[in-house]
Amino acid sequence: GNVGIGTATPDSILHLEGDTPELTLKDTSAYSAGTGAFLEFHGKESDESDATLARIRGVSSATAGSYGELIFETRNAGSTAERVRIDEVGNVGIGTDSPAATLDITTAAPVLLIKSSNTSGGVVEIQMEADAGGDDVDKARIKLANSGLMTFEGYGTGAWVSHIAKDSSGNVGIGTASPAAMLHIQN
């Protein structure tokens, strides 16, 4: 049957209910980098044998002191391995257990796909801002419209301005978002 903590009518095998329900998993072993508590998800293989499908682990960091990391593991081709790690300073690593940047993707052939689901006029953009000083002169973006127009823009005088553009036919414009030739420079 279902077990309810804080409720007499549990909706699942384990149902916790309260103002601020909290589930604590505590590893009481001695400190060692990489040790800690985890949640493990199991399922059946095609031959009906039990298999670990995924794990979420909270572990002690290799950095001495009170630091922790969060690790996500998934199963592929019969074995479970680490896929994503959030380290003690918040860096996220995909394919690496020691992320060296805010987002560190390390694979043999890394691909980052950003795709619009809007089929009637979607736009995809990557925006960058160097600081939060409020002056807006340190903003830039790369923008791709579903027409195939890609622009590299800066923010100035209250609006986004296209500095470099490439249209769907391969024409490149500098100082214009509507290049009329293979290379169109406009002052």
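Counting begins at 1 with the first residue of the sequence. Note that the structure is predicted; figures quoted are calculated from it, not measured.
- Sorted by first then second residue, the salt bridge (Lys or Arg N to Asp or Glu O under 4.0 Å) pairs that include residues 149-174, not counting sequence neighbours, are Arg141-Glu153.
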Next item on the list: Test Ile142 against Leu144 for side-chain contact (heavy atoms from CB on, under 4.5 Å), laying out the working first.
Entry: CA-CA 7 Å; Ile142 302 168; Leu144 176 64; over 6 Å; no

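- With contacts defined as side-chain heavy-atom distances shorter than 4.5 Å, the pair Phe38/Asp27 does not qualify.
- Side-chain contact of Ser116 with Asn118: a donor-acceptor pair under 3.5 Å is absent, judged by distance alone.
- For Asp19, there are no side chain to side chain contact (heavy atoms under 4.5 Å, CB included) partners, not counting sequence neighbours.
- For CE of Met182, the number of neighbouring non-hydrogen atoms (other residues, nucleotides, ligands) closer than 6.0 Å is 12 at most.
- Applying the side chain to side chain contact (heavy atoms under 4.5 Å, CB included) test to Asn146 and every residue at least two apart in sequence or in another chain returns nothing.
- Cluster membership for Val123 and Ile126, using ILVMFWY side-chain heavy atoms within less than 4.5 angstrom, is not shared.
- Residues Ser60 and Ser32 share a closest heavy-atom pair of CB-O, 3.7 Å.
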Tabulate below the donor-acceptor pairs under 3.5 Å that side-chain atoms of residues 8-18 make, not counting sequence neighbours, or state none.
residue: Ser12; atom: OG; partner: Leu14; partner atom: O; Å: 3.0
residue: His15; atom: ND1; partner: Asp11; partner atom: N; Å: 2.9
residue: His15; atom: NE2; partner: Glu17; partner atom: OE1; Å: 2.9

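- Here the closest non-hydrogen pair linking Glu45 and Ala51 is OE2-CB, 3.5 Å.
- Ser147 and Ser168 get closest at one heavy-atom pair: O-CB, 3.4 Å.
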Checklist line | Step-by-step side-chain contact (heavy atoms from CB on, under 4.5 Å) determination, Thr74 to Val84 | finding: CA-CA 9 Å; Thr74 61; Val84 177; over 6 Å; no

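- Under the 4.5 Å side-chain heavy-atom criterion for Ile, Leu, Val, Met, Phe, Trp and Tyr, Tyr67 and Val89 are members of distinct hydrophobic clusters.
- Considering all non-hydrogen atoms of both residues, Trp160 and Lys139 come closest at CH2-CB, 3.9 Å.
- For Ala165 against Ala177, the heavy-atom pair with the smallest separation is CB-CA, 3.7 Å.
- Within the structure, side-chain hydrogen bond (donor to acceptor under 3.5 Å, both in side chains) pairs that include any residue of residues 102-115 comprise Asp104-Thr106 (at least two apart or interchain).
- Each of Arg83, Arg85, Arg57 was checked for a side-chain hydrogen bond (donor to acceptor under 3.5 Å, both in side chains) with Glu73, and the lone residue meeting it is Arg57.
- Counting only residues at least two apart or in different chains, side-chain hydrogen bond (donor to acceptor under 3.5 Å, both in side chains) contacts with residues 175-187 are absent.
- A donor-acceptor contact closer than 3.5 angstrom links the side chains of Glu125 and Gln127.
- By the rule that hydrophobic residues join a cluster once side-chain heavy atoms approach within less than 4.5 Å of another member, Leu112 and Phe72 end up as members of one cluster.
- Criterion: ILVMFWY side-chain heavy atoms under 4.5 Å apart, direct or through other members. Under it, Phe152 and Val161 are not part of a common hydrophobic cluster.
- The side-chain contact (heavy atoms from CB on, under 4.5 Å) test with Val92 singles out one residue from Ile86, Ile105, Asp87, and that residue is Ile86.
- Under the 4.5 Å side-chain contact rule for hydrophobic residues, Tyr155 and Val124 do not share a cluster.
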